[in-house]
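Provided herewith is a single structure, encoded as structure tokens, for subsequent inquiry.
Here is the naming used below: chain letters follow the sequence lines, and residue numbers restart at 1 for every chain. These numbers come from the heavy atoms of this one structure, side chains and all, not from hydrogens, waters or symmetry mates.
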Protein chains: 2
Amino acid sequence: MTDPAAQAPRLNVRGAARHEQILDAATQAFLDRGFDAVSLDEILRVSGGSKTNVYKQFGDKNGLFTQIVHRLAAEFLSPLTALDLGQIAQETGLGILGRTLMRQLMQPRHIAFQRMVMAVSRRMPHLMAEWYRVGPKTSQAVIADFLGGGPNAQRDAVLFHDMIVTDAVNHALMGDPPDWAEIEARIDRAARMIGGKAIDA
Amino acid sequence: MTDPAAQAPRLNVRGAARHEQILDAATQAFLDRGFDAVSLDEILRVSGGSKTNVYKQFGDKNGLFTQIVHRLAAEFLSPLTALDLGQIAQETGLGILGRTLMRQLMQPRHIAFQRMVMAVSRRMPHLMAEWYRVGPKTSQAVIADFLGGGPNAQRDAVLFHDMIVTDAVNHALMGDPPDWAEIEARIDRAARMIGGKAIDA
DNA sequence: CATTTATGATACTATATGGTATCAAACAAT
DNA sequence: ATTGTTTGATACCATATAGTATCATAAATG
């Protein structure tokens, strides 16, 4: 695969529009059915344009897929980075962080994104790693920071994150609709465990 | 797809042997590269036999894949069902449960199994559901039982399970080698949170 | 032994795939 | 307008795919 950026032509207006259309159509198709089950012909039937665009602008099918993962990673950067909780009590703050996080994670588009990167994680581990970096890792870092950065903050942040996220995401991957009452109950209980006093007795 | 079991021929010795050989070769291939990236021809090159076997014994590629998931689900039934912890302290017992569980989950073969079912979870949600049933759900049930079945036992079992499992599995999916020191530290801390007193204050 | 059934090697069908080549039209720059 | 470049439609290539058909051989059954 020749580096597409190295020899990429400067796009004119038409080309830039096609670029976006192809990215959009391919994103939808890959999210829906995964890398292997989607063909270029099919993407182009939806987007318009032709293979010339794909191979000149993205290099090959892998290059197109890679750019799409980059884009989705930016779209799903942890929503927690935008929060500023000030001097709120830990238990309360964790509840807010948890609810903010879960609202984003449970979106069907994010569930499809996670499924997609996990599906290719053997062949393209760096793509799942990018999802992990902007998602779980970033969220955990924000939570750890909120917890004050003590000796257990980092570890507790991971534990809190995984307590509230995992089971709901597994169910979503299987197609079960989210049970928000249970999600909130778990957030509250986890917030109490981590943010309440008397854990580091 | 005609139901293979309905018209399945009674296998003779040769046939039964081929049946196993095909299952073994296909299992390895599917675990390695996923449903879409594996072809029947390739499986048969490894197993011996011919397409006649596959289509007579399994119906089609989906049928073969389904049987393989059943088999792997049986292989990875939660190891916690075999444990009897008697009247041990909760915190200690959770530590043992956690360690027993993680030893199995972190096996490369199980990681590949989880990746494989998640990859097809959109098209074949019932197959991921089977993994979930024999894996997380069963483990959580055993943990809940050990916790005494109180009002919060069920929920705490899910939280404990997800605290110790999630991050390590994510890293394993990305190809990172397991960090056993961190895994054990998380198990111990989670066991203290859930099994120590003063949570339901 | 004769008959029925299961197995196997192989050829085949139809279709799809990623990727390349060709040449014409649209565009940008001078 | 002329020239060089980008875009597009389309044909093409080599290969691969799931699934079927054929016909010969091996095994079980009577």
Provide, to the nearest angstrom, the distance between the NZ atom belonging to B:Lys56 and the P atom belonging to D:dA27.
->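 Result: 17 Å.
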Within this structure, what is the CZ-to-P distance between B:Phe58 and D:dA18, rounded to whole angstrom?
-> 15 Å
Answer with yes or no whether the side chains of A:Ser139 and A:Ser78 bring together a donor and an acceptor at under 3.5 Å.
->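 Yes.
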Rounded to whole angstroms, how far apart are CG on A:Asn53 and C1' on C:dA25?
-> 14 Å
Polar atom pairs (N or O), protein with nucleotides 18-20 of chain C, under 3.5 Å:
{"from": "C:dG18", "atom 1": "OP1", "to": "A:Val38", "atom 2": "O", "distance (Å)": "3.4"}
{"from": "C:dG18", "atom 1": "OP1", "to": "A:Lys61", "atom 2": "NZ", "distance (Å)": "2.9"}
{"from": "C:dG18", "atom 1": "OP2", "to": "A:Leu40", "atom 2": "N", "distance (Å)": "3.1"}
{"from": "C:dG18", "atom 1": "N7", "to": "A:Lys51", "atom 2": "NZ", "distance (Å)": "3.4"}
{"from": "C:dG19", "atom 1": "OP2", "to": "A:Tyr55", "atom 2": "OH", "distance (Å)": "3.0"}
{"from": "C:dG19", "atom 1": "OP2", "to": "A:Lys61", "atom 2": "N", "distance (Å)": "3.2"}
{"from": "C:dG19", "atom 1": "O5'", "to": "A:Tyr55", "atom 2": "OH", "distance (Å)": "3.3"}
{"from": "C:dG19", "atom 1": "N7", "to": "A:Lys51", "atom 2": "NZ", "distance (Å)": "2.7"}
{"from": "C:dG19", "atom 1": "O6", "to": "A:Lys51", "atom 2": "NZ", "distance (Å)": "2.8"}

On the 0 to 90° scale, with breaks at 30° and 60°, tag the A:His171-B:Tyr132 ring pair as parallel, tilted or perpendicular.
-> perpendicular
B:Ile22 CD1 to C:dT7 P: how many Å, rounded?
->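 To the nearest whole Å, that distance equals 10 Å.
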Between D:dG19 (P) and B:Phe65 (CZ): distance, integer Å = 14 Å
Considering the options B:Arg186, B:Arg192, B:Arg189, which one meets the salt bridge (charged side-chain N to carboxylate O under 4.0 Å, His left out) requirement together with A:Asp156?
->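 Of B:Arg186, B:Arg192, B:Arg189, salt bridge (charged side-chain N to carboxylate O under 4.0 Å, His left out) with A:Asp156 is met by B:Arg189 alone.
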Note: B:Asp36-B:Lys61 ion pair, threshold 4.0 Å (strictly below) = no
If a pair satisfies ring pair (Phe, Tyr, Trp, His ring centres under 6.0 Å) and one of its residues is in residues 59-82 of chain A, list it, with sequence neighbours excluded.
->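 Passing the test, one end in residues 59-82 of chain A: A:Phe30-A:Phe65, A:Phe35-A:Phe65, A:Phe76-A:His110, A:Phe76-A:Phe113.
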Can you find a heavy atom in the side chain of B:Leu147 that is under 4.5 Å from one in the side chain of B:Gln154?
-> no
In whole angstrom, give the distance that lies between atom CG of B:Leu44 and atom P of D:dG19.
->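 Going from CG in B:Leu44 over to P in D:dG19 covers 12 Å.
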What's the CD-P distance between B:Gln57 and C:dT5, to the nearest Å?
-> 18 Å
Would you tell me if any nitrogen or oxygen in the side chain of B:Arg18 comes within less than 4.0 Å of OP1 or OP2 on C:dT7?
-> no
